[in-house]
Amino acid sequence: MSHIKDMRQKVQLTEHTVFNVNSTNFPGTYSDFDDVWSQERFEERFQIDIISLSETDMEFDMVGIDAAVANAVRRILLAEIPTMAIESVAIWNNTSIIQDEVLAHRLGLIPIKADARLFEYKQKDAVEPTSEDTLQFSLKIKCTRNNVSSDATDPNVLYKNHRVATKDMEWVPLSGQEHLKGIRPVHEDILITTMRPGHELIMDLYCVKGIGKDHAKFSPVATASYRLLPEIRLLREFYGEEAELLQKSFSPGVIKLVETPDGQTMAKVANARLDTCSRNVFRHDELKDDVSLLRVRDHFIFSVESTGILPPDILVSEAIKTLMGKCQKFLHELDSVNIGKGKHKKGGKKN
């Protein structure tokens, strides 16, 4: 019975392969298990636990779901959460050494601190920007020479405004945007270009709403990934040098050494969550047959790193809302098909 439970719930790692990667917990696979899906059973099993949360990083556990659902959340985070990014640049003067096209591309990748939920998507046929769909920035800067000793060689001493950074971008509120606050680049020290005396930049930057599916510059996350919860089973007790070798075979913090009442050193699993799936333990013949490496199939450890546009917990919430919207749309389509079939049958001829 325990073997069947492992087949249903665990992925097994061996020295060279990974076993039991396909889900088998569906009706009819095992005669001793009732795997019929039910709303009540799902609600009882499903949970989300936040492990750590900061302004830009979040780690949380999502338990009781299939890999397809977890992957859908990850893909939505990467490609379907809207943000504001620079889409077009009006370059009035550029005498720096960087080409207009390269400069515009660099500007487009700058993350903008603005809540895209407050804006509408810009229509393809729209010509003039409006307060509902566009943010405007201005970049006007000129490099000049400082009056310093001729022996100086440091550009920071010799020149003024020789480094053009995001702090030099000034938000220009459009009519109707006076109530908005804090519109700016996420970071003030992102280098845009460098200049020398006589070089000048004068340009207007226009931000619009978009999603990462259209262009990577709209993606609100730097990384969004997940892994299965590790489970490590010691099939026998390890003492002395074997215990120390076992500890070195895993990431720091996974295995701890404890002292037994008779003064020996014994290995224990301290925190399997820290395991990075290196499988170094299989390099040692005296250890590999007595350690079982597993992964819990429906326990996903998510890591989300925001670009700073929105906090990571807001991004995850928006991703789940987007997934719910997709499900509702699919159910609506199914209902429409069923209604259509019903009308066809009702109006058809009887045999």
Side-chain angles (χ1 to χ4, degrees), residues 5-6 8-13 18 20-21 23 25 41-81 83 111 113 115 117 186-187 212 219-234 246-258 267-281 291-324:
K5 286 185 178 179
D6 283 347
R8 294 174 66 253
Q9 302 173 357
K10 307 292 172 59
V11 176
Q12 183 178 9
L13 282 69
V18 180
N20 196 28
V21 295
S23 177
N25 55 342
R41 188 180 301 173
F42 170 77
E43 292 179 356
E44 181 180 351
R45 174 66 176 161
F46 179 74
Q47 65 182 53
I48 295 179
D49 299 321
I50 298 177
I51 306 302
S52 63
L53 176 63
S54 66
E55 292 183 359
T56 57
D57 298 281
M58 179 181 183
E59 181 177 313
F60 66 96
D61 292 359
M62 189 177 289
V63 185
I65 58 170
D66 189 79
V69 179
N71 195 45
V73 174
R74 181 191 68 86
R75 290 171 64 91
I76 291 172
L77 280 169
L78 289 170
E80 298 188 48
I81 304 298
T83 64
K113 188 74 171 180
D115 192 343
R117 294 172 295 182
V186 171
H187 304 287
S219 181
V221 295
T223 59
S225 62
Y226 62 79
R227 60 190 178 97
L228 295 178
L229 177 70
E231 182 178 315
I232 300 173
R233 296 177 183 175
L234 305 183
L246 181 68
Q247 184 185 47
K248 294 178 181 178
S249 299
F250 290 92
S251 304
V254 175
I255 302 295
K256 67 178 180 180
L257 301 179
V258 298
K268 293 285 187 181
V269 178
N271 189 356
R273 184 188 185 91
L274 300 177
D275 181 34
T276 58
C277 194
S278 66
R279 292 190 275 191
N280 283 333
V281 68
V291 178
S292 178
L293 302 184
L294 305 169
R295 294 292 184 270
V296 182
R297 186 188 303 281
D298 65 346
H299 191 135
F300 298 89
I301 302 175
F302 272 84
S303 297
V304 178
E305 180 183 346
S306 169
T307 59
I309 296 174
L310 288 173
D313 54 331
I314 299 298
L315 294 177
V316 173
S317 177
E318 290 298 311
I320 294 176
K321 289 179 182 178
T322 301
L323 181 59
M324 291 172 61

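Values below: all heavy atoms of this structure, side chains included; hydrogens, waters and symmetry mates excluded.
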Kindly determine whether Asn20 and Arg297 satisfy side-chain contact (heavy atoms from CB on, under 4.5 Å), including the steps that lead there. CA-CA 10 Å; Asn20 196 28; Arg297 186 188 303 281; 3.0 Å; yes
Interatomic distance, CD1@Ile76 vs CG@Leu323, rounded to 0.5 Å, equals 4.5 Å
Hey, what's the ring geometry for Phe42 with Phe46, parallel, tilted or perpendicular (30° and 60° as the breaks)? parallel
Relative to the ring of Phe302, is the ring of Tyr226 parallel (under 30°), tilted (30 to 60°) or perpendicular (over 60°)? tilted
Looking at side-chain heavy atoms only, is the closest gap between His299 and Asp49 below 4.5 Å? no
Starting at CG of Leu310, measure out to CD1 of Ile81 and round the result to the nearest 0.5 Å. 9.0 Å
So do the side chains of Arg295 and Asp275 get within less than 4.5 Å of each other, counting heavy atoms only? yes
Given Lys321 and Glu318, is the salt bridge (Lys or Arg N to Asp or Glu O under 4.0 Å) satisfied, shown in steps? CA-CA 5 Å; Lys321 289 179 182 178; Glu318 290 298 311; 3.6 Å; yes
Nearest heavy-atom contact between Val304 and Val316 is CG2-CG2, 4.2 Å
Minimum heavy-atom separation for Ile65 to Asp298, with atom names? O-CB, 3.4 Å
Heavy-atom closest pair (Leu274 atom, Pro252 atom, distance to 0.1 Å) is CD1-O, 3.7 Å
Rounded to the nearest 0.5 Å, how far apart are CD of Glu231 and CG of Asp6? 7.0 Å
For side-chain contact (heavy atoms from CB on, under 4.5 Å), just list the numbers for Ile232 and Phe250, CA-CA rounded to whole Å, side-chain angles, deciding distance to a tenth of an Å, and then say yes or no. CA-CA 10 Å; Ile232 300 173; Phe250 290 92; 3.6 Å; yes
Taking it one step at a time, do Ile320 and Ile48 satisfy side-chain contact (heavy atoms from CB on, under 4.5 Å)? CA-CA 12 Å; Ile320 294 176; Ile48 295 179; 4.2 Å; yes
Rounding to 0.5 Å, atoms OG (Ser219) and CD (Glu80) come to a distance of 11.0 Å
Backbone of Gly308 reached by a side-chain donor or acceptor of Thr56 within 3.5 Å: no
Are any side-chain N or O atoms of Gln47 and backbone N or O atoms of Val63, one a donor and one an acceptor, separated by less than 3.5 Å? no
In Å, rounded to the nearest 0.5 Å, how long is the span from CD1 of Ile301 to CZ of Arg227? 4.0 Å
Tell me if the CZ atom of Arg75 is crowded by more than 12 foreign heavy atoms within 6.0 Å. no
Taking side chain as C-beta onward, heavy atoms only, is Leu228 less than 4.5 Å from Val296? no
Side-chain contact test, heavy atoms from C-beta onward, threshold under 4.5 Å: evaluate it for Leu315 versus Leu77 and give yes or no. yes
Ile50 and Met58: side-chain contact (heavy atoms from CB on, under 4.5 Å), yes or no, with the steps? CA-CA 8 Å; Ile50 298 177; Met58 179 181 183; 3.8 Å; yes
Decide yes or no for Phe60 and Asp313: does some side-chain heavy atom of the first lie under 4.5 Å from some side-chain heavy atom of the second? no
What pair of heavy atoms forms the shortest contact from Gln12 to Ser292, and how long is it? NE2-OG, 4.5 Å
How about Ile255 and Val291: do any of their side-chain heavy atoms sit closer than 4.5 Å? no
Measure across Thr276 and Ser251 and return the closest heavy-atom pair with its distance rounded to 0.1 Å. OG1-OG, 3.0 Å
To the closest 0.5 Å, what do you measure between OG1 (Thr307) and NZ (Lys113)? 8.5 Å
Leu294 versus Leu13: any side-chain heavy-atom pair under 4.5 Å? no
Would you say the side chain of Leu234 lies within less than 4.5 Å of the side chain of Leu246, judging by non-hydrogen atoms? yes
Non-hydrogen atoms of Ala270 and Gly253 that approach each other most closely: CB-O, 3.5 Å
